[in-house]
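A short worksheet on the structure shown next.
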Amino acid sequence: MSPPSLSRLVLVLALVWGGAVLAQPPRRQPQDFQNRKELTQEEKDAAKARAMGNNLNGYGKDVQIKETPIPWMAIGLVGIVFLVATPFAIRAYRGTVKDMSASNTFGIHDRPGEDEA
């Protein structure tokens, strides 16, 4: 007996899969809302008022929102850290700029005694 070919295998899988899809119970169709009676304007307003005023547990009546205070101590500490670190950052920036300008490979060199070839 020879092994089944790929086309036969695909055909069998399609038939089995299609049968499984068809064997599922049918999906429930949405209800037909056209058979319902039309609500009058008063009934619509009453339904809207019930929906807007529906408070199941009364939780929102007595709840007060607790405001967290501004963390002034943390803000002050960050400010002090920046004040202390600023002179060191300026010194490092100026030193880096000086080193980069000294090693400039394009343009005019500030180092005397170098021959440009």
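Numbering of residues begins at 1 and proceeds along the displayed sequence.
Partner Phe82 forms a side-chain contact (heavy atoms from CB on, under 4.5 Å) with one of Val78, Ile80, Val84 and no other, that one being Val78. For the pairing with Arg94, the side-chain contact (heavy atoms from CB on, under 4.5 Å) check across Ile90, Val97, Thr96 returns one residue only, Ile90.
Asp45 places none of its side-chain heavy atoms less than 4.5 Å from the side chain of Glu42.
Of the inter-residue distances, the one linking Tyr93 atom OH with Thr86 atom OG1 reads 14.5 Å to the nearest 0.5 angstrom. For the atom pair CD (Glu43) and NZ (Lys48), the distance works out to 14.5 Å, reported to the nearest 0.5 Å.
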